[in-house]
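So that the names make sense, note that chain A is the first sequence line, chain B the second, and so on, each numbered from 1.
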Amino acid sequence: MKLNKCFKHAFNMVLHSKLRSWLTITGIVIGVAAVIAIVSIGDGMQQTLNAQLNALGGDIVTISPGFERGGGMFFMRGGGGGGGGSSAPQATTKAIVLGRSDLQALKGLPDIALIDTNIRGSVNISYLGKTGKVSVTGVDQKVWSQITTIAIKDGRMLDSADQNVIVIEGGLASSYFSQPIGINKMVTINGGSFRVVGILDDSGTAVYMPIQMAYQVIPDKTVDIYDTLVVKIKDQNQLDEVITKIQNKLMTARHVTQNKMDFSVTSRKEMQQARAATMSSMSNFLLAIAAVSLIVGSIGIANTMFTSVLEKTKEIGIMKAIGARNPDILLIFLFNAGFIGLVGGIIGIILGTMLSGFMPALMGGGLPMTRGGTIVTLNSIIMALSVSVIVGILAGLIPAYQASKLKPVDALRYE
Amino acid sequence: MMETIMELQDVWKIYRMGEVEVPALKGISVEIKKGDFVAIIGASGSGKSTMMNLIGCLDIPSRGRIYLKSQDISTLSESDLASFRGKTIGFIFQQYNLIQSMSAFENVMLPLEFLEYNDKDAANRAREILTLVGLSDKMHYRPTQLSGGQQQRVSIARSLASNPEIILADEPTGALDSVTGREVLDMLHRLWEEQGKTIIMVTHDLNLAKYAHTTIELKDGQIMRISENNEVNKK
Ligand SMILES: Nc1ncnc2c1ncn2[C@@H]1O[C@H](COP(=O)(O)OP(=O)(O)OP(=O)(O)O)[C@@H](O)[C@H]1O
Ligand SMILES: [Mg+2]
């Protein structure tokens with residue numbers, strides 16, 4: 001029998017047992033929809049991460065004093081984000097710090113474009129009689145504006161001639177105090193008076209000031225000791241090589257070996273990669289769950305096909321008596337199963353695509369990475385479609401083979 | 001005389017039911033001539049259907065050889081045998097055995113599809129034969145929408161579709177009343193007479209056996225007697 005005829009008979013078989021076919025198709029639909037929706041989250045996260053990586057400076061490297069313990073690197077948060085006030089880690093015997101000599105060592109590296117020196121601490125701030133506690137970062141005002149990844153919303157960045165001025169983050173300006181803080185307003189920080197010259201375009205509450213002022217304002221800081229060094233490298237594509245060079249240079253300068261490295265060099269890329277790894281292991285886990293439902297669906301196909309072969313035993317006998325060869329019967333049943341898989345796959349993709357739109361909302365925004373939305377890629381559609389057809393055919397393989405091997409006499413006698 | 005179209009040589013069929021062996025056919029040897037009208041008769045359980053299944057290549061003998069058009073069928077692969085069967089033998093069953101989900105027309109088309117006729121030839125052929133059996137106005141009826149006699153005529157049409165040399169009929173009138181049964185038999189008779197088909201029919205009705213030229217009588221899986229009725233002749 002020609003292939004198109006086999007397909008026609010398979011198609012008719014599906015049509016003539018509508019309810020059972022649809023129930024089986026539903027099983028596949030659920031599996032495929034789940035896979036599509038979950039893969040779309042994964043792809044969405046991936047895209048968000050890539051976008052963040054590019055936007056947030058893949059060329060920025062942060063060096064912090066820190067030490068390795070039990071395999072895990074302890075490191076401080078990188079600058080620019082304006083986090084809470086953390087203090088430099090203290091070794092038991094001697095404080096491990098970054099200082100002038102480290103800065104000098106780094107300046108000798110030709111791959112580095114800019115170096116920003118940071119100190120950070122928590123301070124009391126008051127404005128129009130109200131007070132609060134915020135984080136202050138002292139930055140090298142000559143380079144900070146070129147290294148920070150946050151854009152200015154109002155006013156200007158810090159300038160090399162600046163003294164008693166600060167740039168504040170958007171959240172502090174707009175909603176921290178009952179009155180918004182505007183450009184050129186005066187705020188009091190740990191007793192000192194500062195004029196706001198710039199407001200950043202974000203929602204944080206941190207304050208940035210020239211590092212020389214910060215040494216005076218933040219308690220317990222020593223001049224020329226830095227909490228972090230933030231480095232901008234010349235060629236983003238050389239990131240990994242430059243990180244190695246920085247490590248080697250600092251190890252020499254600080255007289256430490258690889259095993260006793262008392263500082264850490266991190267890049268945004270590494271942090272993003274760590275987040276990406278977490279995200280991908282989570283989405284793999286979800287994918288596994290979705291795959292289980294696809295497997296259940298395929299067992300449904302197998303079950304339907306077995307029932308169908310049983311039900312059609314007599315017809316198989318008739319067909320064999322009037323000239324059907326074994327491969328004809330095999331193909332008719334395989335096409336039947338594959339067809340169920342295909343229809344299930346197509347409906348599943350449509351449903352999954354719709355579902356993926358709701359997915360971030362369903363997950364309650366608890367996943368920061370789903371902010372970027374979900375993406376159903378052509379890849380995942382092709383994957384889902386071929387998987388569902390293959391799954392259908394595999395599930396139909398044994399029943400179809402059984403059908404094709406039926407002896408005509410036995411099949412004809414079956415009632 | 002005429003050439004032999006089918007030959008059974010010392011054919012045995014033994015059914016195994018657990019420990020018990022049931023010999024249904026015990027050493028059948030017979031030659032069937034091309035263009036003959038053969039009736040196989042015998043009491044219930046004498047092995048008529050078993051013999052029919054072997055002649056129709058639907059089953060294989062436990063022992064002995066079967067030749068169809070001088071071809072030892074035990075040497076053919078399952079698929080080759082299926083195609084050979086489709087081309088050479090048309091089946092008519094007691095219970096019609098039409099495919100319920102298909103129309104009369106589609107049922108008649110089916111054997112031609114298995115033989116990979118092109119669509120146009122197959123459709124023409126199906127129409128031609130359905131007209132021949134007098135169902136030109138009911139071609140697109142489903143079996144359930146047809147009477148028993150009409151269904152049997154569809155199944156005759158199906159058996160003729162690929163223009164086989166041999167028509168095998170197992171109790172073709174068994175489910176029909178005597179008038180319709182006679183009509184069906186007349187039709188078989190005409191096929192024999194006018195188209196030169198070899199007809200092999202199983203029946204337990206001795207009146208129907210009178211239509212046949214050769215009668216093979218079975219008893220307990222053995223041939224009792226082979227008789228020729230020379231009054232039945234092609235006109
Ligand atoms: N599949 C089978 N398994 C076991 N025994 C069988 C099988 N088919 C037939 N037999 C036995 O073989 C013998 C012949 O059966 P067969 O069907 O050929 O008889 P028959 O002449 O066609 O009878 P009837 O006129 O009732 O149709 C019987 O004894 C029957 O019980
Ligand atoms: Mg019988």
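Proximity of Ile32(B) to Ile55(B): side-chain heavy atoms (C-beta onward) are separated by under 4.5 Å at one or more points. Taking the side chain as every heavy atom from C-beta outward, Ile329(A) and Leu406(A) never approach each other to under 4.5 Å. Within the 4.5 Å cutoff, the side chain of Arg158(B) has heavy atoms near those of the Leu98(B) side chain. When side chains are defined from C-beta on, Pro408(A) does not count as touching Asp59(B), because their heavy atoms never get closer than 4.5 Å. Put simply, the side chain of Trp12(B) does not reach to within 4.5 Å of the side chain of Leu25(B), judged on heavy atoms. In this structure, the side chains of Ser83(B) and Arg325(A) come closer than 4.5 Å at one or more pairs of heavy atoms.
Residues of residues 296-317 of chain A lying under 4.5 angstrom from chain B, judged on non-hydrogen atoms, are Lys314(A), Glu315(A) by number.
Of the two parts of Glu113(B), the backbone and the side chain both hold a non-hydrogen atom closer than 4.5 Å to a non-hydrogen atom of chain A. Only the side chain of Leu412(A) comes within contact range of chain B, with heavy atoms under 4.5 Å apart. For Lys2(A), the parts lying under 4.5 angstrom from a heavy atom of chain B are both the backbone and the side chain. Heavy atoms closer than 4.5 Å to chain B are found nowhere in Met13(A), neither backbone nor side chain. For Asp328(A), the part lying under 4.5 angstrom from a heavy atom of chain B is the side chain only. Contact annotation for Phe93(B): only side-chain heavy atoms (C-beta onward) come within less than 4.5 Å of a heavy atom of chain A.
The shortest heavy-atom contact between Ser101(B) and Arg142(B) is O-NE, 3.4 Å.
Aromatic ring orientation, Trp192(B) versus His189(B): perpendicular (interplanar angle above 60°, classes split at 30° and 60°).
Looking at Asp119(B) and Lys5(A), a side-chain N of the basic residue comes within less than 4.0 Å of a carboxylate O on the acidic one, giving a salt bridge.
Heavy-atom pairs under 4.5 Å with chain B peak, among Lys320(A), Lys407(A), Lys8(A), at Lys320(A). With respect to chain A, the highest number of heavy-atom pairs below 4.5 Å among Asn53(B), Asp80(B), Ile99(B) belongs to Ile99(B).
Of the possible donor and acceptor atoms, one in the side chain of Gln151(B) sits under 3.5 Å from a partner among the backbone N and O of Leu146(B).
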